[in-house]
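What you see below is based on every heavy atom in this structure, not just the backbone, and it leaves out hydrogens, waters and symmetry mates. Numbered from 1 within each chain, the chains take letters A, B, ... in sequence-line order.
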Amino acid sequence: MAAKSSTSESKSKTTAKPKTSENYWLLKSEEAVFSIQDLAKAPKKTTCWDGVRNYQARNFLRDSFKLGDLIFYYHSNSEPSAIAGIAEVVKEGYPDHSAFDPDDVHFDPKSDKAKPTWYMIDVKHVETFKKPLPLELLRQIPGLSEMALLQKGSRLSVQPVTAKEWKIITELAAKQ
DNA sequence: GCCAACGTTGGC
DNA sequence: GCCAACGTTGGC
């Protein structure tokens, strides 16, 4: 995904929610646009993930991201492109207001406030890896050959990650 | 509903 | 900056 702009609106509630299942995800952001360092510096270390304008990604954000789900924060279009750390879901899918703002780069005149086309979530910084894990490194790990991020032509900015992939990558990050 | 044209993503 | 891969749009 590309341009993040605004900061969070979420009221952080610290009530522990029972977790039925924990999902894992990967979100892409261009390092130059909104990096994991930017997220760590944001108020409450939280931002709303606005600007996603792809239906498949929208469906994930609206329907499948659950409180407490963990997210790999991926720097796309970067030197090098890499998984830079971890964030978590602190607010589940809600309408993306940037679609209603004519001055926003992500304005979408076709999105109706009564029936919004686009959704976003709030994410909070959890951890910045000491060393980011570049694509080139990830490609060398046999257990990751099926990972969505590594598939040819994969452009989706919101991707599910399997528990197995999550384990491999977090262990790799711990070793760095 | 097909598909060409166009726009975007993102690795290299 | 190039360009392959993909998504969207709109004419028919």
Side-chain angles (χ1 to χ4, degrees), chain A residues 1-7 23-40 42 47-65 69-87 89 93-123 125 128-162 165-166 168-170 172-173 176:
Chain A
M1 213 262 319
K4 298 244 30 318
S5 47
S6 39
T7 48
N23 305 307
Y24 300 106
W25 305 97
L26 180 143
L27 291 178
K28 294 182 185 174
S29 180
E30 298 192 37
E31 189 171 18
V33 176
F34 195 84
S35 69
I36 194 165
Q37 290 79 14
D38 293 328
L39 180 61
T47 191
C48 60
W49 205 256
D50 63 332
V52 172
R53 298 290 180 269
N54 169 284
Y55 286 101
Q56 202 182 342
R58 185 281 310 271
N59 292 345
F60 285 134
L61 293 176
R62 186 188 59 190
D63 306 329
S64 304
F65 276 68
D69 282 359
L70 294 171
I71 299 161
F72 283 135
Y73 199 108
Y74 178 77
H75 286 160
S76 59
N77 258 321
S78 304
E79 284 301 323
S81 294
I83 297 178
I86 295 173
V89 178
Y94 63 108
D96 179 345
H97 52 64
S98 69
F100 307 131
D101 177 3
D103 295 328
D104 194 285
V105 278
H106 298 297
F107 175 59
D108 179 3
K110 293 199 290 290
S111 184
D112 178 2
K113 274 189 180 173
K115 198 166 179 269
T117 309
W118 306 113
Y119 281 74
M120 61 187 178
I121 56 170
D122 284 358
V123 305
H125 180 270
T128 301
F129 292 157
K130 281 198 212 74
K131 285 170 67 181
L133 305 175
L135 259 197
E136 191 191 4
L137 173 67
L138 300 173
R139 289 195 193 284
Q140 291 166 16
I141 314 295
L144 298 181
S145 60
E146 305 282 302
M147 192 177 180
L149 179 70
L150 305 181
Q151 302 316 302
K152 183 173 177 165
S154 139
R155 300 190 320 180
L156 203 57
S157 68
V158 176
Q159 304 178 352
V161 170
T162 67
E165 290 159 357
W166 184 268
I168 292 174
I169 292 167
T170 48
L172 204 59
Q176 297 280 304

Quiz item: Mind checking what makes side chain to side chain donor-acceptor pair (under 3.5 Å) contact with A:N77, not counting sequence neighbours?
Solution: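 With sequence neighbours excluded, A:N77 shows a side chain to side chain donor-acceptor pair (under 3.5 Å) to no residue whatsoever.
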Self-check item: Results of side chain to side chain donor-acceptor pair (under 3.5 Å) for A:S35 - residues two or more places apart only
Solution: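 Expected list: A:Q37, A:D38.
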Self-check item: A:W166 and A:F72 aromatic ring geometry - parallel, tilted or perpendicular at 30°/60° bounds
Solution: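 The arrangement is parallel - the two ring planes meet at less than 30°.
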Could you give the side-chain donor-acceptor pairs of residues 146-154 of chain A under 3.5 Å, partners two or more places apart or in another chain?
from: A:Q151; atom 1: NE2; to: A:S145; atom 2: O; distance (Å): 2.8
from: A:Q151; atom 1: NE2; to: A:E146; atom 2: O; distance (Å): 3.4
from: A:Q151; atom 1: NE2; to: A:M147; atom 2: O; distance (Å): 2.7
from: A:S154; atom 1: OG; to: A:A148; atom 2: O; distance (Å): 3.1
from: A:S154; atom 1: OG; to: A:Q159; atom 2: NE2; distance (Å): 3.1

Quiz prompt | Partners meeting side chain to side chain contact (heavy atoms under 4.5 Å, CB included) with A:P80 (sequence neighbours left out) | solution =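 A:P80: side chain to side chain contact (heavy atoms under 4.5 Å, CB included) contacts with A:P134.
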Grab the [atom1]-[atom2] distance between [X] and [N] for me, whole Å please.
{"X": "A:E79", "N": "B:dG11", "atom1": "CD", "atom2": "C1'", "answer": "10 Å"}
{"X": "A:N77", "N": "B:dC12", "atom1": "CG", "atom2": "P", "answer": "11 Å"}
{"X": "A:H75", "N": "B:dG11", "atom1": "NE2", "atom2": "C1'", "answer": "16 Å"}
{"X": "A:E136", "N": "B:dG11", "atom1": "CD", "atom2": "P", "answer": "13 Å"}
{"X": "A:L149", "N": "C:dA5", "atom1": "CG", "atom2": "C1'", "answer": "15 Å"}
{"X": "A:L150", "N": "C:dA5", "atom1": "CG", "atom2": "P", "answer": "17 Å"}

Self-check item: Under the ring-ring contact (aromatic ring centres under 6.0 Å, His included) test, residues paired with A:Y55 that sit two or more places apart
Solution: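 Listed in chain order: A:W118.
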Please tabulate, one pair per line, each protein N/O and nucleotide N/O from nucleotides 6-10 of chain C that are separated by under 3.5 Å, including the distance.
from: C:dC6; atom 1: O2; to: A:R155; atom 2: NH1; distance (Å): 2.8
from: C:dC6; atom 1: O2; to: A:R155; atom 2: NH2; distance (Å): 2.8
from: C:dG7; atom 1: O4'; to: A:R155; atom 2: NH2; distance (Å): 3.3

